[in-house]
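Counting starts at 1 for both ligands and their atoms, in listed order. Below, all heavy atoms of this structure are taken into account, side chains as well, without hydrogens, waters or symmetry copies.
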Amino acid sequence: MGWCLKVPLAEGEDCRSSLREKGLLDMSRAIQREEDHLLVPVAGPVRMDGAELVERELPALERKETDYRRLVELPEGLERLLPSSYDVIGDVAILKLERDLVPFASDVAEALMAASPRLRSVALDRGVRGETRVRDLEVVKGDEDLSSVHTEYGVSMEVDPSLAYFNPRLARERRRVASLVREGELIADLFAGVGPFPLVICRHSHPQKVYAMDINRDAVEMMERNIARNRMEGRIVALHGDARSLLPRLPALDRAIMNLPQSAEEFLDIALEKVRRGGTIHLYRIMERDELTAFQDRVLDEAASLGHDVAVESVHELKSYSPRMSVYCFDIIR
Ligand SMILES: C[S@@+](CC[C@H](N)C(=O)[O-])C[C@H]1O[C@@H](n2cnc3c(N)ncnc32)[C@H](O)[C@@H]1O
């Protein structure tokens, strides 16, 4: 037996939310109907206008744990190494573990899947590799096939993170860039991967065309399917190859997106040649905060040495990369 408030059916929702706000709702028992009233379980002998305080046997509610860290059993001292966050791409979780936790990866993965039943696979991230930035992934639980459908700001994308780079944590940045695009712009994404920037831009703005290139053939094939999936044929042109040889063949641009955060500035010369006066270059770079000013000075000097007058309009910190480093976006106006 426990305490409940008996309220007319029509007042049940107001009563429940008011109790919840005050921390008086007993969430361990279920609300039940009794003829034309509802029995709302409360944590003690609570009084409320229009409600009768009664004692009833109500069914217990099963509470599901959503924090995977509470579901995993590890040798003493290792719990504190469990990551508080991880990436989810579609129904695939990608997890980075400290070295001491790696032998327990499948226990951690099992806990993750128990806490998030929509997950189909959990893969261990052993870092990105080479020019294509593809992750070295080891499936530790679930389906070996890591291809899934990821949605972001109204766009649905096929992504296989074992074949192409994709970062779900840049979703807000892609939406920010899309919000800057004016009607009729010609845009190039030099390092487009499976196409998230072009797709989000075309979903939320009206550029004339987005040229989207990548050196990774698998990424370009996924991008082509993503263009079709989102019915954006003709608005996004997927190109396979090296931006250094593809970009010079394009018409003059209003905007260039350079999301290659280890070395994008190496392509600044070709972007400056292609973006028209007044156009914007979004240049992404990983660095420490105290390197920002020197980097900006280098960009301005390099542009000047190539005969271009540019200004860094704004700098945005997007996400941390390591304890000291973050990914920044420099919005450069030509
Ligand atoms: C950091 S990823 C960015 C992917 C995408 N913009 C996103 O947000 O998911 C960088 C991409 O650049 C591609 N890449 C690297 N060097 C390239 C080059 N020289 N020309 C074209 N693409 C290149 C890689 O294959 C990779 O897909």
Side-chain angles (χ1 to χ4, degrees), residues 87-90 92 94 125 127-137 146-153 155-178 181 187-204 210-227 230 236-250 253 255-271 273-274 281-287 316 318-319 321 325-330:
D87 283 349
V88 176
I89 300 176
V92 173
I94 295 176
D125 182 357
V128 290
R129 279 200 183 155
E131 190 176 44
T132 59
R133 315 302 298 152
V134 176
R135 289 175 200 284
D136 179 8
L137 297 174
L146 296 183
S147 174
S148 71
V149 175
H150 186 82
T151 53
E152 172 177 310
Y153 287 107
V155 157
S156 121
M157 285 171 278
E158 173 194 330
V159 184
D160 185 336
S162 68
L163 294 176
Y165 180 94
F166 177 76
N167 191 332
R169 297 189 197 206
L170 289 187
R172 281 184 56 206
E173 170 62 8
R174 296 190 263 265
R175 184 66 185 91
R176 180 186 77 87
V177 171
V181 170
I187 302 174
D189 183 348
L190 278 67
F191 314 108
V194 304
F197 272 101
L199 292 160
V200 173
I201 287 172
C202 288
R203 169 68 69 237
H204 296 279
V210 184
Y211 297 96
M213 56 201 81
D214 203 286
I215 207 158
N216 177 352
R217 186 180 291 281
D218 291 318
V220 175
E221 284 174 5
M222 270 179 255
M223 174 156 57
E224 281 166 345
R225 291 195 288 277
N226 289 335
I227 293 168
N230 291 278
I236 303 172
V237 180
L239 302 165
H240 173 235
D242 186 339
R244 188 158 280 286
S245 58
L246 292 173
L247 193 72
R249 298 187 216 158
L250 300 184
L253 301 167
R255 192 175 298 274
I257 300 162
M258 301 175 68
N259 177 218
L260 186 65
Q262 313 282 353
S263 56
E265 74 277 12
E266 289 168 18
F267 296 78
L268 193 59
D269 55 343
I270 53 168
E273 280 301 317
K274 213 22 95 179
I281 296 172
H282 303 282
L283 188 144
Y284 295 83
R285 192 69 173 94
I286 294 168
M287 65 182 68
H316 304 264
L318 305 180
K319 65 182 189 85
Y321 180 76
M325 294 175 124
S326 291
V327 180
Y328 294 91
C329 178
F330 296 81

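- Residue F267 places no N or O, backbone or side chain, under 3.5 Å from any N or O of ligand 1.
- Among all non-hydrogen protein atoms, the one lying nearest atom 20 (N) of ligand 1 is A243 N, 2.8 Å.
- In the candidate list G193, P261, P196, A264, P196 is nearest to atom 9 (O) of ligand 1, counting heavy atoms.
- Atoms of ligand 1 lying under 4.0 Å from any heavy atom of G241, numbered from 1 in the order shown and given with element: 20 (N), 21 (C).
- Assignment of A192 to the shell around ligand 1 is supported, since a heavy atom sits closer than 4.0 Å.
- Against a heavy-atom cut-off of under 4.0 Å, D242 is close to the following atoms of ligand 1: 18 (C), 19 (N), 20 (N).
- Using a 4.0 Å cut-off to heavy atoms of R174, the atoms of ligand 1 that qualify are 7 (C), 8 (O), 9 (O).
- If you check which protein heavy atom lies closest to atom 2 (S) of ligand 1, you get Y165 CD2, 3.3 Å.
- In terms of protein heavy-atom proximity, atom 4 (C) of ligand 1 is nearest to F191 O, 3.4 Å.
- Put simply, the side chain of R176 reaches to within 4.5 Å of the side chain of C329, judged on heavy atoms.
- Of the possible donor and acceptor atoms, none in the side chain of D242 sits under 3.5 Å from a partner among the backbone N and O of I215.
- Counting the atoms of ligand 1 from 1 in the order shown, those under 4.0 Å from a heavy atom of L190 are 21 (C), 22 (N).
- Residue, atom and distance of the protein heavy atom nearest to atom 22 (N) of ligand 1 are I215 N, 3.1 Å.
- Of all protein heavy atoms, the one lying nearest to atom 10 (C) of ligand 1 is N259 O, 3.5 Å.
- At least one N/O-N/O distance between D214 and ligand 1 falls below 3.5 Å.
- Nearest heavy atoms, V134 versus P161: CG1-O, 4.0 Å.
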Intermediate values then yes/no, side-chain contact (heavy atoms from CB on, under 4.5 Å), R169 and D87: CA-CA 8 Å; R169 297 189 197 206; D87 283 349; 2.5 Å; yes
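- Comparing heavy-atom distances from atom 16 (N) of ligand 1 across E131, R217, M213 singles out E131 as nearest.
- The two residues L146 and V92 make their nearest non-hydrogen contact at O-CG2, 3.7 Å.
- Less than 4.0 angstrom separates some heavy atom of L260 from each of these atoms of ligand 1: 10 (C), 12 (O), 15 (C).
- Paired with V194 under the rule side-chain contact (heavy atoms from CB on, under 4.5 Å), one option of V220, V159, N216, D214 passes, and it is V159.
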Chi angles and distances behind the side-chain contact (heavy atoms from CB on, under 4.5 Å) call for S326, Y321: CA-CA 5 Å; S326 291; Y321 180 76; 5.7 Å; no
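- Taking distance alone, with nitrogen or oxygen atoms compared against 3.5 Å, F197 stays at or beyond that limit from ligand 1.
- Judged by distance alone, the side chain of H150 and the main-chain N or O of F166 form no donor-acceptor pair under 3.5 Å.
- Judged by distance alone, the side chain of R285 and the main-chain N or O of Q262 form a donor-acceptor pair under 3.5 Å.
- For V128 against R135, the heavy-atom pair with the smallest separation is CG1-CG, 3.8 Å.
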